[in-house]
Amino acid sequence: SSVIEADLVTAAVLITFGVCYGFLSPCQLIVVCLIEPLAMKFNVHIVENYLKTSDAGGSILTHAFGAFFGLGLTLGLGIKAAEIPDENRKTNYLSDTFSLI
């Protein structure tokens, strides 16, 4: 049971990485790795115990939390895509291939 919960929390962190990819430094990503699991477990506790809802496999809660945590993080830090130089926003064959994996 705890291994599955750890897997879901890890998936939420990876989804947040996908949202924040290119916007955060490695040090900021380490801080996200330390804070997000606690926030995720707190959110699961509220949803399951106080809202009395259930997610059979946990995937809806995991994906929604990871996506909204990442969006809130980038909005909270005030990061705008327009501030990123054009050469850093262009894709190439390798980055397109890795985005599919």
Side-chain angles (χ1 to χ4, degrees):
S1 173
S2 62
V3 174
I4 294 172
E5 291 175 10
D7 183 40
L8 294 174
V9 171
T10 304
V13 172
L14 292 174
I15 292 166
T16 301
F17 277 13
V19 174
C20 300
Y21 184 71
F23 293 110
L24 300 179
S25 70
C27 292
Q28 290 171 326
L29 289 174
I30 290 172
V31 173
V32 169
C33 285
L34 296 174
I35 293 173
E36 187 174 3
L38 299 173
M40 170 78 178
K41 292 306 290 178
F42 182 67
N43 186 40
V44 169
H45 177 73
I46 289 173
V47 168
E48 290 178 350
N49 295 326
Y50 293 111
L51 299 178
K52 303 292 185 201
T53 59
S54 63
D55 186 10
S59 64
I60 294 172
L61 187 61
T62 299
H63 284 84
F65 181 79
F68 287 119
F69 189 85
L71 289 173
L73 186 65
T74 55
L75 290 174
L77 292 174
I79 299 168
K80 296 183 175 76
E83 297 173 356
I84 299 173
D86 287 334
E87 62 269 2
N88 292 344
R89 294 193 305 182
K90 294 180 182 174
T91 63
N92 58 26
Y93 178 77
L94 187 62
S95 66
D96 290 341
T97 302
F98 278 126
S99 70
L100 293 173
I101 293 177

Residue pairs passing the salt bridge (Lys or Arg N to Asp or Glu O under 4.0 Å) test where at least one lies in residues 42-62, sequence neighbours excluded: none
Around atom CD1 of I4, are there more than 12 heavy atoms from other residues, nucleotides or ligands closer than 6.0 Å? no
Can you list the steps and then say if L24 with L77 is a side-chain contact (heavy atoms from CB on, under 4.5 Å)? CA-CA 9 Å; L24 300 179; L77 292 174; 3.3 Å; yes
Approximate separation, where rounding is to 0.5 Å, of L75 CG and F68 CZ: 11.5 Å
Ring pair (Phe, Tyr, Trp, His ring centres under 6.0 Å) against Y93, all qualifying residues, sequence neighbours excluded: none
What is the distance from atom OG of S2 to atom CG of D7, rounded to the nearest 0.5 Å? 11.5 Å
Kindly state each residue pair satisfying salt bridge (Lys or Arg N to Asp or Glu O under 4.0 Å) with at least one member in residues 36-45, sequence neighbours excluded. E5-K41
C20 versus G70, closest heavy-atom pair with distance: SG-O, 3.8 Å
Output for pair (N43 CG, L51 CG), nearest 0.5 Å, gives 9.0 Å
Report yes if some heavy atom in the side chain of T62 is under 4.5 Å from a heavy atom in the side chain of M40; otherwise report no. yes
Please check if I15 and V9 belong to a single hydrophobic cluster, counting links between Ile, Leu, Val, Met, Phe, Trp and Tyr side chain heavy atoms closer than 4.5 Å. no
Residues passing the side chain to side chain contact (heavy atoms under 4.5 Å, CB included) test with Y50, sequence neighbours excluded, are H45, I46
Mind listing the closest non-hydrogen atom pair of V32 and P37 along with its distance? O-CD, 4.0 Å
Residues forming a side chain to side chain contact (heavy atoms under 4.5 Å, CB included) with L94, sequence neighbours excluded: N92, F98
Donor-acceptor pair, T53 side chain versus V47 backbone, under 3.5 Å? yes
Flag, side chain of T16 to backbone of G66, donor-acceptor distance under 3.5 Å: yes
Cluster link L73 to V13, ILVMFWY, side chain under 4.5 Å: yes
My understanding is that only residues two or more places apart in sequence, or in another chain, count here; which of them pass side chain to side chain contact (heavy atoms under 4.5 Å, CB included) with A39? F65, F69
